[in-house]
Amino acid sequence: MESYILTINGKKHQILAKPNWTLMYVIREVVGLTGTKCGCSTGDCGACTVILDGEAVRSCTTLVKNVKDKTVETIEGLSKGTDLHPIQKAFIDNGAIQCGFCTPGIIMVIKAFLDRNPDPTEDEIRQAINGNLCRCTGYAKVVKAIQQAARVMRHEDQVMEAAVTAASTKGTIGRGVAVIDADLKATGSLKYTGDIVLPGMLHAKVLFSPHPHAKIISIDTSKAEALEGVEAVVCYKDSPDVRFNSNAEDKDASPSELVFDQIVRYVGDKVAAVAATSIEIAEAAVKLIDVEYEMLPYYLDPKEAMKEDAYQIHDFGNCLDPAVIETGDVDGQMAKASHVFEDTYSLQPIHHSAMEPHVSIAQYDISGKLTVYTPTQDVFGQRSNLSRIFGMSMNKIRVIRPAIGGGFGGKVDLVTEPVAALLSMKAMKPVKLVYTRREDIASSRIRHAMDVKVKTGVDEEGRIIAQDIQAVVNAGAHTSCSTSVAWAMSGKFLKVHKNKNIRINAQPVYTNTPVAAAMRGFGSPQGFFAQQRQLNRIAHELNKDITDLQLLNLVDPWDLESDGVMNVGNARAKDCVIKGKEDFSWADEMATMAASKQENGRYRIGVGMALGAHGNGLFNVMADTTGIMIKLNEDGSATFFTGVSDMGNGSSTLQAMAISEVLGITMDRIACHEADTETTLFDVGAYASRGTYISAQAARVTAVKVRETLEKYAAEYLDIPVKDVDFINNEAVSVRDFKTKASIGDLVIHAHEKHGKDICESDTFSAEANAVSYGAHFVKVQIDTQTGAIKVLKYVAIHDVGKPLNPLGLEGQVEGGIQMGMGQALSEGIIYDNQGKVTNRNFKNYTIPRAMDMPHIKAGFINSNEASGPFGGKSIGECAVVPSLSAIVNAVANGMEKEYNDLPVTADAVLASLNKNDQK
Ligand code: FES
């Protein structure tokens, strides 16, 4: 150890550190300033950015020995008390913050940048943040916020009234409201799980399998155990012999996992783990574990694994339960079709890449209680699963979700939690397990790779009359929710077209690759990619405009789904196409594409569109419930308790908005306590696009219950009839004169003093419908025929979300969804070597779209009303991503006049599709 003097945020710190420690480690772990985040440790994501002598640097790749005598600024130094820096204010006001994990790093980059360049162009701004990854926002609102901050710093503009403050009047619904914890996120004050330090906490490291399929013949942990500082080592010998499914909602679907198994089933599977007094010791210890393996046959390709004579990856075989749907007369109608099209589409596995990697802290105490801090999307599911694994009653397990740096479906399953718990039980101390980015990409969860074969029969006009879909779904090494994903993908085919003749068979298959699980869209992006790419080909072959073909086939409001069981609700799919066509100037852009073909130069313009749909919640699949409790405080402010885990998608904000709308309490006086199994009511989990449709509805119905109680007290207190009571701006008022009034706080005290009661209500909302959200995306691309490079130039996305409840949040969801879809369409994809080892395990090689890649996005909404949704609204989160893959690739295909059926369509894929005449 050496002594260093560091000046951080104007304060001198004398610290003891090893010269090879990174500045990030020192700032976070030694000094305790956790606003600086770790997203990759390789300098590729920018979450750890700090300012060193005026220059923005990656603190994860800067060694402490090189910063002697330099001044360091971190996010904590940017604001003075509650006085935020204009950049921080602009980020909040413009909705540039969702999960917030990337935010401190981007703000620090921009602080240094604007100090140097106070009047930048948009291009310069995008260049400046191009080294910073954000997985939530698509950068659109980030860029807008930076532009506004620059104007404010040049004294040309005022920071606009905070969106939250703007909502401080009656009528919150329909206004743009920033996420309710945006100030904590903008200042780096919000504590994510990785920021938490418990007394006596140990640090864990996992030994991962180097083999795709092997049996552990012997394992010797004695050298690791003997290392000073090591307090626990666990492997399959310590694991409870209880097989579980990491996805709790599918807990009875072929439980295939153990916390540690004697068989490892993919490169990156867990072999053993160590808990030690420091992460350095834990890392050294796992290297001391000797393992002898017996190799077993392995399969990377599900088509190989599903062969009858294939070696069984699990005792119950290599095929999971398939999704099988047959409705109408597929063969009869196919035989009558004027044209039949048959195509196969192949989609690659992608990684969620939430900026916050998987992490958890487990604390098992002397009373036999297990407390787990984890950024999960499903606290109750985790509790249920941990209860099953460890044979503990649920009152002895508390799962707390401190904050979550992005989820996108990847944080539904148990990943690190049971390992940390097992280590904590052995060490009897709290244990923190953080996956590095390499580990996160190779050993957490991924999106299902699929091959989807679609056979479609159409009549003379292009009306779809029969469709036959066969899909092979790569489930990876364990069960998770693969069968549910197959069903969800299949079910979407029933919600879009008027065609009643559909046959689907989607077969998930185990392979020796990382575990595939829930990811934003839950099968819809794959299914719609196949369906909408083929529709584009059909339009081309029939010489029709694809938008006309869409309108010919799409469902109308209240139509029954193809199987005739449920209706599609107030489905405005056609309106999305019509509005999108207009907003995009479809006819003009098609003419531009035609001219580009005529010109036949180096650059080709491509124009395309696609439609997507997604459900709202789980009704008709399982009981879909959310419980909310609201209590009013003596000053009339409110605190609500919700089991819903807000991933940065704004679900807590929308719940607060619903409460504000019903009770007339302003947003600044509503606090949220969320996702804690001990203090909140049961919620099914933050997935399946439940955020608006279910959780905001739960908040609304509970607030209505509070209102009924409050009305009685108000009538009594003001001596007016109940029917004359309204609540506006934190007061109860008589609607007869608006002068007779009392503060809501007075009513709470009145309830205490006169009736001996609290004003506190809880309710559980259970869905009785499952509306469908739709979106139509329109895209213009430029393709360089020399390099194959594709640039997305223009993007219009129109969504049917019923009534738009929070336009700021909705736009943010659409912009982020498009970024994710664009990644899958053009650049992302997990790459395996011939052993199934993931070879692109960092953000240099796993290429998420950056700020320079993203186009301007115009997000628009059909302002309709979904009667079954809260205040007429529907959800957006997953639908936002669904049409984007096919819309982008349709544009590329149309521009190049080639078919691209395999994702991603990289520059190399474009070049490979060209013949000599195509290259200019
Ligand atoms: Fe940028 Fe979530 S807000 S990663």
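Order of listing sets the numbers, starting from 1, for every ligand and every atom in it.
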[X] and [Y]: side chain donor to acceptor below 3.5 Å:
X	Y	answer
Ser444	His351	yes
Thr374	Ser360	no
Gln148	Asp93	no

Exercise. Testing Ile350, Val485, Ile830 for side-chain contact (heavy atoms from CB on, under 4.5 Å) with Arg447, which one passes?
Worked result: Ile350

Exercise. Below 2.8 Å, any N, O or S contact between Cys99 and atom 2 (Fe) of ligand 1?
Worked result: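 Here the distance criterion (N, O or S atom, under 2.8 Å) is met by Cys99, so yes.
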
For this session: Apply the test side chain to side chain contact (heavy atoms under 4.5 Å, CB included) to residues Val379 and Asp676: give CA-CA distance (whole Å), side-chain angles for both, the deciding distance (0.1 Å), then the verdict.
Result: CA-CA 7 Å; Val379 285; Asp676 176 342; over 6 Å; no

Exercise. Looking only at heavy atoms of Gly648, does any of them come nearer than 4.0 Å to an atom of ligand 1?
Worked result: no

Exercise. Between Phe101 and Tyr192, what is the ring plane arrangement, given parallel below 30°, perpendicular above 60°, and tilted in between?
Worked result: perpendicular

For this session: Out of Lys185, Arg135, Lys141, indicate the one that has the non-hydrogen atom closest to atom 4 (S) of ligand 1.
Result: Arg135

For this session: Assess Cys136: does it contribute an N, O or S atom lying under 2.8 Å from atom 1 (Fe) of ligand 1?
Result: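 Checking Cys136: none of its N, O or S atoms is under 2.8 Å.
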
Atoms of ligand 1 less than 4.0 Å from [X] heavy atoms?
X	value
Cys102	1 (Fe), 3 (S), 4 (S)
Cys134	1 (Fe), 3 (S), 4 (S)
Gly100	2 (Fe), 3 (S)

